[in-house]
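Data first, discussion second: the structure below is written as structure tokens.
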Amino acid sequence: MEEKNLDFIRTIISEDVASQKNEGRVHTRFPPEPNGYLHLGHAKSICLNFGIANEFNGLCNLRLDDTNPSAEKVEYARAIQEDVKWLGFDWDDRLFHASDYFQQLYEWAVQLINEGKAYVCELSFEEMRKHRGTLTEPGKNSPYRERERSESLDLFERMKAGEFEEGSKTLRVKIDMHSPNLNMRDPVIYRILHQEHPETGDKWKIYPSYDFAHGQSDSLEGITHSLCTLEFEHHRPLYDWFCQNLQIHHPQQIEFARLNLNYTIMSKRKMLRLVEEKHVDGWDDPRMPTLSGMRRRGYTASAIRSFCEKVGLAKRENVIEMELLEFCLREDLNKKAHRRLGVLEPLKLTISNYPDDQVEELDAVNNPEDPSAGTRKITFSKHLFIDRNDFMEDPPKKFFRMAVGKEVRLKYAYYVTCKEVVKGEDGKIMELICEYDPQSRGGGTPDERKVKGTIQWVDSTTAINPEIRLYDRLFKAPNPDDVEEGKDFLSNLNPDSLTSLSSALVEKSITDLKAAEPFQLERIGYFTVDSKSKSPDSLVLNRTVAMRDSWAKKHLK
RNA sequence: AGCCUGGUGGUGUAAUGGUAGCACAGGAGUUUUUGGUACUCUCAGUCGGGGUUCGAGUCCCUGCCGGGCUGCCA
């Protein structure tokens with residue numbers, strides 16, 4: 001690490017390494033709660049934590065922060081591991097759970113009681129809230145605050161044994177009911193929960209709170225820098241308090257601003273609603289900003305990593321524009337995606353001067369950005385299809401595509417000129433009759449005449465018909481939470497976020513592609529085979545992202 | 001209202017008292033068998049007011065604005 005222009009966290013860590021703090025060690029961790037799927041915001045944190053460990057020759061642990069069994073599921077824990085691996089990071093044998101430390105945490109709680117620093121409180125939720133005070137008024141001490149240590153010890157023991165109802169008692173730490181930081185007003189560190197835990201089963205009837213578990217878990221794992229988002233800033237004094245009072249290794253908590261993206265949400269809670277209320281197809285719906293959804297949509301891990309690098313790191317609130325994400329995606333896909341031909345809305349094209357029964361094979365380049373990707377054969381015959389929007393009866397000035405009397409190039413094939421438009425009774429265009437120039441095979445002619453327009457096509461003798469799904473942003477508003485009084489983010493859902501096309505045609509070689517391999521349908525966009533599509537009879541293709549289209553953009557108005 | 005925290009082009013992020021830079025987006029152009037890609041050029045910024053200094057985005061004071069905090073969630 002010698003480059004300058006480090007972000008503020010890497011600056012701190014460089015200085016710590018230089019001053020031999022923690023003997024020069026760097027050890028981070030990524031600590032998700034298994035109560036939902038990982039999303040793009042988590043990707044930022046994963047890239048940060050694992051990235052820093054890499055850059056400083058350190059380590060990064062994966063820790064499932066499972067202190068609240070009422071919200072957590074093994075399905076989520078499984079998905080988290082899959083997603084972190086897919087993103088390209090490896091925790092080796094360092095997968096931990098906060099629940100691994102329940103026994104130690106319990107002993108530390110007993111220690112605090114013995115030292116007169118913690119007590120069992122019997123205030124109800126409501127009473128505790130009243131005692132806490134408000135933002136402007138100090139709180140009042142709990143009537144149980146000064147009870148005998150032995151009594152607290154006994155009660156805590158019986159809480160653990162499951163003798164009391166949920167909510168009836170808590171273990172609180174004695175700090176300061178007058179603190180301007182509400183988190184310091186005798187926070188609860190243990191609550192009664194008669195809940196099976198995915199990892200510890202029915203062993204525990206009491207569970208530690210986040211504040212009592214997180215810092216100590218970091219400490220036990222020898223974490224040096226505990227990176228978290230801004231909302232934990234007010235918890236740092238507590239984090240520090242426990243490390244100091246327990247006299248244990250004291251990692252440094254550093255907060256950074258979480259990632260926000262416009263036109264979407266970045267909250268597990270809201271995503272859960274979308275899933276539960278069936279506004280989407282599940283956590284891995286290709287419209288979701290979850291890693292599993294983006295993967296299914298066709299996003300590559302490298303594009304997401306590049307994005308996480310480019311968004312930067314600071315403490316100020318931010319909303320990143322979707323365009324940056326799409327830029328990273330296209331930049332990556334452009335280099336690696338093989339090209340294929342396909343048409344979304346087929347329009348029949350017949351070449352009148354082409355032999356009736358002839359079918360020939362032409363060479364098509366797989367990836368102009370990567371010669372090593374080679375070429376493939378595509379068939380060509382008298383009856384083809386082009387995309388309906390590549391023809392205009394009454395074209396504007398700079399329309400380069402097909403129109404009556406204009407010559408265009410069929411990519412990798414021949415020059416054709418439209419001679420006649422065949423219409424149905426309703427006036428709809430049914431077919432184009434064209435003539436081709438046999439001299440233009442492959443896309444060029446001996447006279448080297450210029451043909452500005454090049455369009456894609458498919459051959460009727462070999463094309464296949466997959467279902468194609470086009471996606472648009474999930475929400476209509478840049479900030480989905482920006483709603484009228486009495487409404488919520490759901491009112492901003494984009495009703496057109498999914499369009500399914502049933503009559504599209506693509507070249508047959510699509511079936512040669514491996515699952516999850518990205519490809520480009522030339523001039524249309526990047527696609528991938530939907531991971532849930534049953535091949536090959538009912539092939540489903542997801543459009544990952546459309547091509548940049550400067551023509552469409554300019555002509556929007 | 002109290003406490004904490006933050007304010008640099010449209011968006012994001014650098015510059016740590018010494019030429020305000022980079023990326024995305026926007027605009028113009030060159031190349032092109034993808035109206036793609038690549039390349040070139042371009043538009044545009046230090047929240048306001050005081051102060052310290054030869055010199056302030058940076059330090060000090062003050063005002064304004066944004067975000068967070070009153071779970072036995074994390």
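Because only heavy atoms are used, hydrogens play no part in the values below, and waters and symmetry mates are left out as well, while side chains stay in. Lettering follows sequence order; numbering is per chain, from 1.
The separation between A:M271 atom CE and B:A74 atom P is 19 Å, rounded to whole Å. Following rounding to the nearest Å, A:K452 (NZ) and B:G35 (C1') show an atom-to-atom distance of 8 Å. The separation between A:H197 atom NE2 and B:C73 atom C1' is 14 Å, rounded to whole Å.
A close approach under 4.0 Å does occur between a side-chain nitrogen or oxygen of A:R132 and OP1 or OP2 of B:C72. The side chain of A:R523 places an N or O atom within less than 4.0 Å of a non-bridging phosphate oxygen (OP1 or OP2) of B:G35. At least one side-chain nitrogen or oxygen of A:S550 sits closer than 4.0 Å to the OP1 or OP2 atom of B:G36. Between A:K554 and B:G27 there is no side-chain polar atom (N or O) within less than 4.0 angstrom of OP1 or OP2. Proximity of A:T67 to the phosphate of B:A74: a side-chain N or O atom is located under 4.0 Å from OP1 or OP2. Residue A:R191 has a polar side-chain atom (N or O) positioned under 4.0 Å from OP1 or OP2 of B:C73. Distances shorter than 4.0 Å separate some side-chain N or O of A:R316 from OP1 or OP2 on B:U13. Taking side-chain N and O atoms only, A:R236 has no distance below 4.0 Å to OP1 or OP2 of B:U5.
If you check every strand for non-hydrogen atoms under 4.0 Å, A:E166 touches nothing. As judged by a 4.0 angstrom heavy-atom cut-off over every strand, A:L325 is placed among residues making no nucleic acid contact. Counting any heavy atom pair closer than 4.0 Å across all strands shown, A:K335 reaches no nucleic acid atom. When heavy atoms are screened at a 4.0 angstrom cut-off, A:Y207 is found touching no nucleic acid atom at all. No contact: A:F307 has no heavy atom under 4.0 Å from any strand. Among the atoms of the strands shown, only primed sugar atoms or phosphate atoms (P, OP1, OP2) are found under 4.0 Å from some heavy atom of A:E33. At a threshold of 4.0 angstrom between heavy atoms, the contacts of A:R401 include nucleobase atoms, whether or not backbone atoms are also involved. Heavy atoms of A:L230 sit nowhere under 4.0 angstrom from any nucleic acid atom. Base contact: A:R269 has a heavy atom under 4.0 Å from a base atom. Nucleic acid contact class of A:V319 (heavy atoms, under 4.0 Å, all strands): sugar-phosphate only. At a threshold of 4.0 angstrom between heavy atoms, the contacts of A:N181 with the nucleic acid are absent. Using a 4.0 Å heavy-atom criterion, one finds that A:E321 contacts the bases of the nucleic acid, with or without backbone contacts as well. Nucleic acid contact class of A:K398 (heavy atoms, under 4.0 Å, all strands): base. Base engagement by A:P368 is indicated by at least one non-hydrogen atom pair under 4.0 Å involving a base atom.
With B:C69, B:U13, B:G35 as the candidates, the nucleotide lying closest to the side chain of A:W551 is B:G35. Checking B:G35, B:U34, B:C72 against the side-chain heavy atoms of A:Q520 singles out B:U34 as nearest. Side-chain atoms of A:T454 lie closest to B:U34 of the nucleotides B:U34, B:G67, B:U37. When distances run from any side-chain atom of A:K310 to the nucleotides B:G36, B:C69, B:A23, the shortest one goes to B:A23. Comparing B:C24, B:A25, B:G12 against the side chain of A:N318 picks out B:G12 as the nearest. When distances run from any side-chain atom of A:F232 to the nucleotides B:A74, B:U34, B:G67, the shortest one goes to B:A74. The side chain of A:E369 lies closest to B:U37, out of B:U37, B:C24, B:C72. Picking from B:A74, B:G26, B:U37 the nucleotide with the shortest atom distance to the side chain of A:K553 gives B:G26.
Across all their heavy atoms, A:D176 and A:R145 have their closest contact at N-NH2, 4.0 Å.
Comparing B:C65 with B:U70, their P atoms sit 23 Å apart, to the nearest whole Å. Between the C1' atoms of B:G45 and B:C22, the separation comes to 14 Å (whole Å). Using atom P as the reference point in both B:C24 and B:C41, the two lie 14 Å apart (nearest Å).
Figure legend. B:C3 is base-paired to B:G68; pairs are counted as Watson-Crick or G-U wobble with both atom distances under 3.5 Å. Remark: B:U16 base-pairs with no nucleotide; criterion is Watson-Crick or G-U wobble with both hydrogen-bond distances under 3.5 Å. Pair assignment for B:G45 gives none, since no Watson-Crick or G-U wobble pairing has each distance under 3.5 Å. Pairing of B:U11, defined by two Watson-Crick or G-U wobble distances under 3.5 Å, is identified with B:A23.
Between the side chains of A:S226 and A:R29, a donor-acceptor pair is found at a separation under 3.5 Å.
Judged by the 6.0 Å distance and 45° axis criteria, A:K160 is positioned over the aromatic ring of A:Y106. Taking the ring axis of A:W241 as reference, the NZ or CZ atom of A:R236 does not stay both within 45° of it and closer than 6.0 Å to the ring centre. A cation-pi arrangement, defined by a distance under 6.0 Å to the six-membered ring centre and an angle within 45 degrees of its axis, is absent between A:R147 and A:Y119.
Each of A:D390, A:V343, A:L341 was compared with A:R523 under the side chain to side chain contact (heavy atoms under 4.5 Å, CB included) criterion, and only A:D390 meets it. Screening A:R339, A:Q520, A:H338 for a side-chain hydrogen bond (donor to acceptor under 3.5 Å, both in side chains) with A:N367, the sole residue that qualifies is A:R339. A side-chain hydrogen bond (donor to acceptor under 3.5 Å, both in side chains) with A:N35 is found for one member of A:E72, A:K268, A:K73 and no other, namely A:K268.
Mapping A:H234 and A:E231 onto RNA chain B via the closest heavy atom, the residue that lands nearer the 5' end is A:H234. Take the nearest nucleotide of RNA chain B for A:T134 and for A:K450: the residue whose nucleotide is more 5' is A:K450.
Below 30°, between 30° and 60°, or above 60°: for A:F242 and A:F212 the angle between ring planes is above 60°, a perpendicular geometry.
By the stacking rule of 5.5 Å between ring centres and under 30° between planes, A:F125 does not stack on the base of B:G71.
Glycosidic torsion of B:G67 falls outside 90° of 0, placing the base in anti.
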